[in-house]
Amino acid sequence: MKQNNSYDVIIIGGGHAGTEAASAAARAGSKVLLITQKLSAIGEMSCNPAVGGIGKGHLTKEIDALGGIMAKAIDQAGIHFRVLNASKGPAVRATRAQADRTLYKAAVSMLLKNQNNLSFLEETVDSLLIEKDIITGVQTKKSGKFIAKSVVLTTGTFLAGKILFGDHSEEGGRIGDRPSNNLANNIRALSFKVGRLKTGTPPRLDKNSLNYRKMQKQPGDDPRPVFSFMGARIEHPEQLNCFITKTTKKTHQIISEALHTSPIYSGVIESVGPRYCPSIEDKIVRFANKESHQIFVEPEGIKSKIIYPNGISTSLPREVQTEFVRSIIGFENAEITQFGYAIEYDFVDPRELRPSLETIKVSGLFFAGQINGTTGYEEAAAQGLIAGINAHRYSLKLDEWVPTRQNSYMGVLVDDLTSRGVSEPYRMFTSRAEYRLLLREDNADQRMTPIGRELGLIDDQRWETFSNKMDVVHKEQLRLESIFLSKEKLTSDDKKILGREYKKETDAATLLKRPEYSHDIVTSLSTVGPIDWNTYDFSDEQREQIKSQLETRAKYSGYIKRQEKEILKLEKNESLMLPRDIDYSRVHGLSNEAIQKLQETLPQSLGQASRIEGITPATLSLLLLYLKKNNKKIA
């Protein structure tokens, strides 16, 4: 059957950015073609098979709240679920799940195959078709031209990709896959500002060759968190334990003596890697005083015999990898099934993009993922979703949609990229968001699902479930506020539940603000009583979401108001001039990274400091505090 050659939107690449872009554009109603070199690799987890984490979990929840596929896929493939920072405030709590690599890829493929308006083509794109600075389609290697109103480029590490370990190098987008060299040359010929970045991966190990008795067992959470707002634990496959081990002095000695053989230190690799996910060589050099480094021992799947040792990414020669791996606790007899390697690839300065992720040079052409200088599945997926939405809207001549720093981590991501650019692979953290108390995982649907409905991304069933949830939250809030509690109304059982003498008379909503009282405790009081769930058909997980939302709103309302005041203060002091002689090393609480960046740039004002890559709102607050303590005049 002949392939149709005309589409509204063409997506190049089937990774995390490409799949979300394709899904979003098709859900919104565009006729979409996804072109990838290998259809069997759609949804592939090229590096660590995991989703979520600090900042990344927030992105995943926002993608889900807009109807995306990542959270749905990990709920069907997750084999180890945890909430990170569970003992801290809700702003920095983050969900993370280890995935069965095979199940995740299968889930993504099935979600895409069931999506209307979406077609697939296994091909290599050699060049972009452009007329008068407007995209018109793509030229493929074997199948000829394909016409489109808009194109989304999500090439990952494939643009002029080069794999390196020891003194060996070879072309590749990842191990076993050829790079996109013709397309890389085409991008450079279009005069985009192109640079090189690097990333890396650790050696993979045979799970049966490890001694787990020497390691610390790390079970998943009970009860398990669920990623999608529409998800349920019943979707989760069999759960497995992870383990934690550490390097030794011998490990560090082996690596130190072999540094000259690493392409990172021999000068073969000149590009910059991710600061927050360094190779083991980088760790040994940068943290020379540390006697050991933690390694997370993570299974790649239920039926897989492969272990992913998270924390020892390397490009050292194979014989050195074998030697240092076997010096790690519990790895004494480890068998390596695939050696680690570094990969260099082209990226385009994201400051050449509009906040919609459309390129400034070529109308209708959008970039998403690692081509924009980011690292990580979640960052790529979020960009893919934004680019897919805007490619669809461009094809219909509709106004672009751009998330903001005030409403989402996705907004923080695109604002950071397009206004500040990158000097190293960009990774999302909660510290990057000045509004993080307002941008929690638990309220991502409240922030984004109404937007998704307006954009045509949310179907009727999901919208009804969300609307019912918010209706119950609102009614329950009003109900708790209307119930007045006094000592006379409390029964002896109520007093036992509260656990201490009840002195101050208040309403049930105010009682819920106290840290020791959960919603379940407050509603177990005879005067209050439970929520009436009979009106709506909620799953157990959705009921948990509702109760959690009520608790968070109550307990952190004061902190949220305080942060809103801090934000106004920072905005007010945007033009505050910084002293020329300020010694940033004397500013208490600043990270080494912040000190380095500030001393290199020497910003004249607080506003200029705020736009330096890597300078967080927390850093700005510390600078304000320092100036106050030293009697500097501020606005």
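Keep in mind the model is a prediction, meaning the values are calculated, not measured.
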Regarding [X] and [Y], does a basic nitrogen lie under 4.0 Å from an acidic carboxylate oxygen?
| X | Y | answer |
| --- | --- | --- |
| Lys31 | Asp8 | no |
| Asp346 | Arg196 | yes |
| Arg393 | Asp399 | no |
| Glu441 | Lys56 | no |
| Glu44 | Lys105 | yes |
| Arg453 | Asp460 | yes |
| Lys469 | Asp445 | yes |
| Lys142 | Glu122 | no |
| Asp100 | Lys303 | no |
| Arg447 | Asp442 | no |

Ignoring hydrogens, what is the shortest heavy-atom contact between [X] and [Y]? Give both atom names and the distance.
| X | Y | result |
| --- | --- | --- |
| Phe229 | Lys61 | CE1-O, 3.7 Å |
| Val152 | Ala391 | CG2-CB, 3.6 Å |
| Met448 | Ala65 | CB-CB, 3.8 Å |
| Ile135 | Leu365 | CG2-N, 4.0 Å |
| Ala387 | Phe367 | CB-O, 4.4 Å |

Exam field: side chain [X] to backbone [Y], donor-acceptor pair closer than 3.5 Å:
| X | Y | answer |
| --- | --- | --- |
| Arg420 | Leu417 | no |
| Tyr377 | Cys47 | yes |
| Tyr308 | Ala50 | no |
| Thr449 | Gln446 | no |
| Thr552 | Ser548 | yes |

Flag if over 12 foreign heavy atoms under 6.0 Å of [atom1], [X]:
| X | atom1 | result |
| --- | --- | --- |
| Glu464 | CD | no |
| Met110 | CE | no |
| Asn114 | CG | yes |

Kindly confirm or rule out a cation-pi arrangement of Arg178 over Phe158, judged by NZ or CZ under 6.0 Å from the six-membered ring centre and within 45° of its axis?
no
Under 3.5 Å side-chain donor-acceptor pair for [X] and [Y]:
| X | Y | value |
| --- | --- | --- |
| Arg543 | Ser539 | no |
| Ser228 | Asp64 | yes |
| Gln218 | Asn241 | no |
| Thr375 | Gln370 | no |
| Glu378 | Thr60 | no |
| Asn390 | Glu400 | no |

In terms of relative ring orientation, are Tyr212 and Phe243 parallel, tilted or perpendicular, with 30° and 60° separating the classes?
tilted
List the steps and the verdict of side chain to side chain contact (heavy atoms under 4.5 Å, CB included) for Asn181 and Glu171.
CA-CA 9 Å; Asn181 288 334; Glu171 293 186 341; 3.2 Å; yes
Test salt bridge (Lys or Arg N to Asp or Glu O under 4.0 Å), reference Glu300, set Arg204, Lys207, Lys305, output is Arg204
